[in-house]
Amino acid sequence: MKTIIEPFRIKTVEPIRFTTEEERENILKDAGYNPFFIHADDVLIDLLTDSGTAAMSAKQWSGIVDGDESYAGARSFYRFEKAVKDITGYHFIIPTHQGRAAEKILFTILGKEGKSIPNNTHFDTTRANIEYSGAEAVDLVIEEGKDPNSLYPFKGNMDIDKLEKFIHETGVENIPIGMMTVTNNAGGGQPVSMENLRAVRDVLHKYNIPFFLDACRFAENAYFIKLREEGYGDKTVKEIAQEMFSLADGCTMSAKKDALVNMGGFLALNDDKLAQLARNILIVTEGFPTYGGLAGRDLEAISQGLDEVVDEHYLRYRLRSIEYLGEKLIDAGVPILRPPGGHAIYINAKEFTPQIPPEEFPGQALVCELYRFGGIRAVEIGSVMFGKKDKKTGAFIPASMELVRLAVPRRVYTQSHVDYVVEVIIEIFKKRDALRGYKLTYEAPMLRHFTALFEPIG
Ligand code: F0G
């Protein structure tokens with residue numbers, strides 16, 4: 001086997017700034033021990049997110065210059081509409097400034113008190129938009145998806161029996177829509193099989209419940225299907241993606257992931273009445289339907305990105321580079337969520353630092369140490385993000401897993417950057433007994449992880 005190489009060469013570079021451990025200790029303190037408050041210039045390797053952080057291609061940049069900035073009916077919109085229709089097959093394509101804007105529009109129409117919306121695992125913005133509408137967001141991922149050590153190939157799948165039970169208990173009239181997130185970001189970037197998408201579609205459609213995909217990482221999911229699901233090895237990724245979309249009635253999409261751009265998203269769907277309602281809200285909140293919340297140049301970059309993301313040399317490199325990071329950590333005994341996901345490696349902080357109880361945020365402790373020791377920025381996906389307080393007693397309810405996500409931006413870092421990340425994590429792992437927990441000193445009522453402030457304990 002030859003080494004799987006980056007299928008591009010680098011034409012433009014962006015220097016990164018080196019800082020000392022002492023400087024980083026002060027920066028961390030000033031940031032309230034929340035990496036969201038660190039200036040990006042003070043970060044050496046930024047694995048906070050794979051969202052909006054992709055390096056665009058020369059063709060995407062030329063599209064930026066070529067963008068048609070007309071208010072209505074811009075050429076760039078028609079190119080965008082054609083590119084999205086080509087992959088999704090949906091009739092109505094509504095551009096939004098990012099994924100959560102599509103979610104906001106969808107749940108403004110469909111969500112309200114008394115309604116419940118199932119998903120494999122809702123991403124935090126999806127959950128927040130649903131809850132903001134008054135509805136309830138329900139996660140029905142399979143049990144394997146909650147076990148960090150299970151090697152099941154499609155840990156993003158939904159439990160079909162749980163879905164049937166949920167529909168019976170909730171009542172069809174209270175379920176305006178069902179969703180599936182591909183890949184399942186909050187569950188470790190794990191893929192969903194075509195078989196499971198088909199089964200979810202069959203159940204939802206049996207009860208006339210519309211089925212939508214949260215399609216942010218559709219191409220990575222499609223490539224996992226090609227690699228792992230029987231009958232798909234000889235299909236192209238584009239054909240697999242088209243089949244995935246054909247099973248659903250629409251999708252929300254953050255183009256900041258698998259459309260390889262820095263900003264953008266869309267809502268795409270087949271129902272003309274729903275599309276009309278969505279466009280009416282779009283005009284109030286985002287803009288005229290041929291640009292939504294975007295400039296013509298953004299629409300050009302998305303159109304080109306959708307073409308590039310289904311390239312199989314790209315996807316082979318993409319999935320392999322994440323797996324490479326995962327393998328090196330596994331070899332060193334570092335506990336990670338297995339198997340590696342499509343866009344990120346998730347360190348299992350509960351096992352990494354068993355001395356720190358969930359209420360002292362083991363993931364946050366590790367995130368802070370990654371920055372302090374190595375200048376690496378990652379994000380906690382554990383009890384800071386998903387922990388709750390019991391409404392009556394105020395008692396702490398931990399998240400189901402305490403994870404630290406190392407999300408890899410697309411086409412940005414090389415193998416030596418990844419090797420550096422591995423070295424830093426292994427060093428911290430050797431000294432893990434010295435890590436201590438954190439306590440919250442400020443939290444916002446919703447999506448608290450973005451703005452929370454902390455203090456180290458002891
Ligand atoms: N759905 C999923 C599965 C996501 O991962 C995200 C964003 C969104 C929806 C919202 O899209 O950011 O364009 O509004 N995820 C980013 C992340 C923020 O870091 O995982 P958006």
Side-chain angles (χ1 to χ4, degrees), residues 34-36 40 43 46-54 94-107 117 119-132 137 139 141 145 155-156 158 177 179-192 212-221 224 244 248 250-268 285-286 292-294 298 301-302 305-306 322 337 341-346 363 367 377-382 384-386 403-410 412 446-447 449-451:
N34 183 344
F36 280 102
V43 175
D46 204 345
L47 306 181
L48 186 68
T49 178
D50 64 320
S51 181
T53 50
I94 299 172
T96 60
H97 79 273
Q98 61 185 89
R100 69 197 72 180
E103 294 163 5
K104 171 75 179 150
I105 291 171
L106 189 63
F107 300 121
I117 294 152
N119 202 329
N120 44 0
T121 314
H122 288 280
F123 182 65
D124 57 0
T125 60
T126 323
R127 172 174 291 279
N129 271 304
I130 290 171
E131 289 174 355
Y132 190 73
D139 295 336
V141 74
K155 288 170 76 172
M158 187 183 276
I177 189 171
M179 293 189 80
M180 282 289 270
T181 305
V182 293
T183 56
N184 190 22
N185 184 12
Q190 300 293 320
V192 177
F212 271 50
L213 297 179
D214 175 340
C216 302
R217 299 177 181 85
F218 74 93
E220 289 166 7
N221 198 94
F224 274 121
M244 287 164 56
C251 70
T252 55
M253 171 80 184
S254 168
K256 299 170 75 170
K257 286 85 170 173
D258 270 353
L260 301 171
V261 294
N262 306 122
M263 188 47 78
F266 53 84
L267 176 62
T285 59
E286 293 280 294
L294 296 170
D298 298 322
I302 294 171
L306 286 174
I322 311 293
L337 193 152
H343 67 294
I345 290 296
Y346 296 66
V367 157
R377 181 156 66 168
V379 68
E380 192 262 13
I381 301 196
V384 175
M385 197 182 267
F386 293 120
L403 303 174
V404 168
R405 186 182 74 170
L406 309 165
V408 184
R410 294 172 179 79
V412 170
M446 282 170 84
L447 296 175
H449 54 284
F450 288 119
T451 55

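First listed ligand is number 1; within each ligand, the first listed atom is number 1.
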*Enter the distance from M180:CE to C251:SG here, rounded to the nearest 0.5 Å.*
14.5 Å

*Tell me: protein heavy atom nearest atom 12 (O) of ligand 1, and distance?*
R100 NH2, 2.9 Å

*Would you check whether R405 reaches within less than 4.0 Å of ligand 1, judged by its heavy atoms?*
yes

_Under the side chain to side chain donor-acceptor pair (under 3.5 Å) test against T121, which residue among N184, D214, N185, D139 passes?_
N184

_Could you identify the single nearest non-hydrogen protein atom to atom 1 (N) of ligand 1 and state the distance to 0.1 Å?_
D214 OD2, 2.7 Å

_If we ignore hydrogens and angles and just use 3.5 Å, is the side chain of R377 paired with the main-chain N or O of P35 as donor and acceptor?_
yes

*Contact atoms of ligand 1, heavy-atom distance to G99 under 4.0 Å*: 11 (O), 13 (O), 14 (O), 21 (P)

*Using a 4.5 Å cut-off on heavy atoms from C-beta on, say whether the side chain of T96 contacts that of I105.*
yes

*What atoms in ligand 1 come closer than 4.0 Å to a heavy atom of K256?*
13 (O)

*Is the shortest distance from a heavy atom of C216 to ligand 1 less than 4.0 Å?*
yes

_Could you identify the single nearest non-hydrogen protein atom to atom 9 (C) of ligand 1 and state the distance to 0.1 Å?_
E103 OE2, 3.1 Å

*Which of the atoms in ligand 1, numbered in the order shown and given with their element, are less than 4.0 Å from a heavy-atom of T181?*
3 (C)

_So H343 and D258, do their side chains get closer than 4.5 Å, heavy atoms only?_
no

*Closest approach of any protein heavy atom to atom 8 (C) of ligand 1, naming residue and atom*: F123 CD2, 3.5 Å

*Of all the non-hydrogen atoms in the protein, which one sits nearest to atom 10 (C) of ligand 1, and at what distance?*
T125 OG1, 3.4 Å

*Of all the non-hydrogen atoms in the protein, which one sits nearest to atom 13 (O) of ligand 1, and at what distance?*
S254 OG, 2.6 Å

_Note, E220 side chain near I322 side chain (heavy atom, < 4.5 Å)_ = no

*In Å and rounded to the nearest 0.5 Å, what is the CG to CZ distance from D124 to R100?*
7.5 Å

*atom 16 (C) of ligand 1: which protein heavy atom is closest, and how many Å away?*
K257 NZ, 3.4 Å

_Partner of D50 under side chain to side chain donor-acceptor pair (under 3.5 Å), chosen from K256, K257, R410_ = R410

_Shortest protein heavy-atom distance from atom 21 (P) of ligand 1, along with the residue and atom involved_ = Q98 NE2, 3.3 Å

*Which one of T125, T126, N119 satisfies the side chain to side chain donor-acceptor pair (under 3.5 Å) criterion with H122?*
N119

